[in-house]
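The first residue of the sequence shown is numbered 1, and numbering continues consecutively from there.
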Amino acid sequence: MFDIALYEPEIAPNTGNIIRLCANCGANLHLIEPLGFDLEEKKVRRAGLDYHDLARVTRHANYAAFIDAMAGRRIFACTTKATQYHTQATFAPGDVLLFGPETRGYRRI
């Protein structure tokens, strides 16, 4: 299985939906702070349909802490500026799909 990482997510319902996705497919979710909302927000709970307890969610204080925790794992940045399509990649168990903030996307750190 792969992991999903959200770099500085901004929209609570989107994160709630991804929590639900992870709970249902068994993926681990990594949230890289700062978050644009409180995880206890009603919008997160509503979108996640209370799946939060069924999902494995790890919070990282910043991007550097996330990178340290992912040592040895491949990270795929999902961006509109990619030079390779997702259909061209060969994924393996343990890979991480990294998504940037909804309003500005992932940028090179």
Side-chain angles (χ1 to χ4, degrees):
M1 180 52 65
F2 56 86
D3 286 9
I4 296 175
L6 303 180
Y7 173 76
E8 298 182 2
E10 300 168 328
I11 302 173
N14 290 351
T15 299
N17 288 330
I18 294 171
I19 289 171
R20 183 176 63 229
L21 170 73
C22 289
N24 283 298
C25 72
N28 298 313
L29 176 60
H30 300 272
L31 299 176
I32 304 166
E33 296 181 356
L35 307 181
F37 52 86
D38 182 339
L39 273 180
E40 297 305 314
E41 261 186 52
K42 187 176 182 179
K43 291 177 185 177
V44 177
R45 289 193 319 273
R46 184 181 308 131
L49 299 175
D50 298 324
Y51 281 78
H52 191 274
D53 293 341
L54 301 174
R56 292 181 303 272
V57 179
T58 303
R59 292 174 71 167
H60 302 275
N62 52 45
Y63 186 74
F66 166 73
I67 290 298
D68 287 346
M70 298 297 110
R73 296 176 70 183
R74 296 187 317 161
I75 300 172
F76 290 86
C78 300
T79 173
T80 59
K81 294 162 184 54
T83 57
Q84 182 179 13
Y85 291 108
H86 68 283
T87 55
Q88 297 170 305
T90 303
F91 296 104
D95 286 347
V96 181
L97 304 178
L98 174 64
F99 297 88
E102 294 91 339
T103 61
R104 62 186 192 278
Y106 174 79
R107 60 176 171 72
R108 193 174 295 264
I109 304 300

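Between the side chain of D95 and the backbone N or O of A92, at least one donor-acceptor pair lies under 3.5 Å. Between the side chain of R20 and the main chain of A55, no donor-acceptor pair closer than 3.5 Å is present.
Residues F66 and Y7 keep their aromatic ring centres 6.0 Å or farther apart.
Of all the heavy atoms in F37 and A12, the pair that sits closest is CD2-N, 3.7 Å. Closest approach of R74 to T90, counting heavy atoms only: NH2-O, 2.7 Å. In this structure, P9 and L6 approach most closely via the heavy-atom pair CD-O, 3.5 Å.
Hydrophobic clustering, with ILVMFWY side chains joined whenever heavy atoms are under 4.5 angstrom apart, keeps F2 apart from Y85. Note: the hydrophobic cluster containing L21 does not contain I11 (ILVMFWY, side chain heavy atoms under 4.5 Å, direct or indirect links).
Note that the CG atom of L29 and the CG atom of L97 stand 11.5 Å from one another [nearest 0.5 Å]. Remark: H60 NE2 to I32 CD1 distance equals 6.5 Å, nearest 0.5 Å. Put simply, CG on L54 and CG on N24 are 8.0 Å apart, with the number rounded to the nearest 0.5 Å. The CD1 atom of I4 sits 11.0 Å away from the OG1 atom of T15 when rounded to the nearest 0.5 Å. Rounded to the nearest 0.5 Å, atoms CE (M70) and CG (D3) are 6.0 Å apart.
Shown are R104, E33, E102; of these, the side-chain contact (heavy atoms from CB on, under 4.5 Å) with E8 is made only by R104.
Here the side chains of T58 and N28 are not in contact, with every heavy-atom distance at 4.5 Å or above.
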